[in-house]
Amino acid sequence: MAYTAPVIYYDLYANVPDAAIRDFVTRQRLGRLVTADGDGQPHLGLFPFLFLGDRVEMHLNRDDEQLADLRTNPRCVFEVDEVLGTIPSHWLDDANAVFATAYHRTVVYECRATLTDDAAVLAAQMQRLLAHYQPEGSHQPVAAGDPMYQRPLGMLTAVQLEVRARKVKWKLAQNRDRAARTALIGKLRQRGRPEDAAAADALQWTLDHEAAK
């Protein structure tokens with residue numbers, strides 16, 4: 001079916017160096033947390049985060065339904081992705097519509113959550129997040145005893161996601177030969193949609209990665 005992109009983790013889409021995956025995840029600004037309540041109903045939220053290799057740090061409002069999920073079931077999924085857009089089928093085949101496809105980078109972590117309401121832990125975590133998102137500083141350091149921060153910290157719970165497993169899918173036309181990918185890169189750059197330059201760069205990365213082996 002045209003434009004479908006099922007998340008099946010084929011080896012050719014997962015052949016990505018660990019350093020490249022870590023750089024990609026670290027550069028993302030938001031990630032998706034997937035939890036489930038006691039009845040199995042899944043919930044999804046989009047959050048700022050800090051990736052530390054073996055764990056992910058974030059915080060949730062104490063009224064967040066996903067926090068209630070994690071208190072019941074600490075198993076969860078954290079996912080980051082980059083949507084790189086679609087191409088029409090006729091770029092690959094003049095007649096067959098199934099050649100229409102979508103390109104993206106996706107990394108999924110299967111995790112186990114640890115939660116704490118300790119204000120000192122929250123303050124330290126928030127300082128790490130600020131160092132990542134706001135490296136220029138320009139704020140008063142977060143401290144548990146600071147009256148300015150006591151009320152906000154009292155509304156939050158620190159979440160640490162221990163990474164138990166990882167799945168990778170960088171769907172970047174690796175199933176096409178070099179000539180086909182080179183042609184696709186040219187078409188993307190020529191078309192010039194807002195996402196096309198990033199998609200072309202990503203496809204070029206696959207060629208450079210293979211050439212460097």
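Below, each value reflects all heavy atoms present in this structure, side chains not excepted, and no hydrogens, waters or symmetry copies. Position 1 is the first residue of the sequence, and the numbers go up from there.
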Item to check | Over 12 non-hydrogen atoms of neighbours within 6.0 angstrom of CD in Gln190 | outcome: no

Checklist entry - More than 12 foreign heavy atoms under 6.0 Å from CZ of Arg151: is that the case here? => result no

For [X], give me all partners under side chain to side chain contact (heavy atoms under 4.5 Å, CB included), at least two apart in sequence or on another chain.
X: Gln41; result: Asp37, His43
X: Val34; result: Leu44, Val77
X: Asn73; result: Arg75
X: Asp177; result: Ala179, Ala180

For [X], which residues count as a salt bridge (Lys or Arg N to Asp or Glu O under 4.0 Å) partner, sequence neighbours excluded?
X: Arg22; value: none
X: Arg128; value: Glu57
X: Glu210; value: Arg181
X: Asp94; value: none

What pair of heavy atoms forms the shortest contact from [X] to [Y], and how long is it?
X: Leu161; Y: Ala113; value: CD2-CB, 3.6 Å
X: Leu203; Y: Ala173; value: CD2-CB, 4.0 Å
X: Ala144; Y: Ala123; value: N-CB, 3.8 Å
X: Val168; Y: Ala14; value: O-CB, 3.5 Å
X: Arg191; Y: Pro88; value: NH1-CD, 3.7 Å

Checklist entry - Can you list the residues that meet the side-chain hydrogen bond (donor to acceptor under 3.5 Å, both in side chains) rule with Arg62, with sequence neighbours excluded? => result none

Where the side chain of [X] meets the backbone of [Y], is there a donor-acceptor pair that is under 3.5 Å apart?
X: Arg178; Y: Leu207; result: yes
X: Gln127; Y: Val142; result: yes
X: Thr72; Y: Ala68; result: yes

Item to check | Glu110/Arg164 salt bridge by N-O under 4.0 Å criterion | outcome: no

Item to check | Salt bridge Lys171-Asp81, side-chain N to carboxylate O under 4.0 Å | outcome: no

Are [X] and [Y] side-chain neighbours, meaning at least one heavy-atom pair lies under 4.5 Å?
X: Asp201; Y: Arg189; answer: yes
X: Leu60; Y: Met58; answer: yes
X: Leu115; Y: Arg71; answer: yes
X: Met126; Y: Leu130; answer: yes
X: Thr35; Y: Leu33; answer: yes

Checklist entry - Would Leu184 and Leu92 count as a side chain to side chain contact (heavy atoms under 4.5 Å, CB included) if you check the C-alpha gap in whole Å, the side-chain angles of each, and the deciding distance to 0.1 Å? => result CA-CA 8 Å; Leu184 287 169; Leu92 291 167; 4.1 Å; yes

Next on the checklist: Hydrogens and angles aside, do Gln140 and Asp146 bring a side-chain donor and acceptor to less than 3.5 Å of each other?
Outcome noted: yes

Next on the checklist: Can you tell me which residue among Phe49, Phe47, Tyr109, Phe51 is in a ring-ring contact (aromatic ring centres under 6.0 Å, His included) with Phe78?
Outcome noted: Phe49

Item to check | Listed once per pair and sorted, the ring-ring contact (aromatic ring centres under 6.0 Å, His included) pairs that draw on residues 128-167, sequence neighbours left out | outcome: none

Item to check | Pairs where residues 151-196 contributes a residue and the test ring-ring contact (aromatic ring centres under 6.0 Å, His included) is met, not counting sequence neighbours | outcome: Phe24-Trp170, Trp170-Trp205

Item to check | Evaluation steps, salt bridge (Lys or Arg N to Asp or Glu O under 4.0 Å), between Asp23 and Arg105 | outcome: CA-CA 12 Å; Asp23 177 69; Arg105 293 185 175 107; over 6 Å; no

Checklist entry - Mind checking what makes ring-ring contact (aromatic ring centres under 6.0 Å, His included) contact with Tyr103, not counting sequence neighbours? => result none

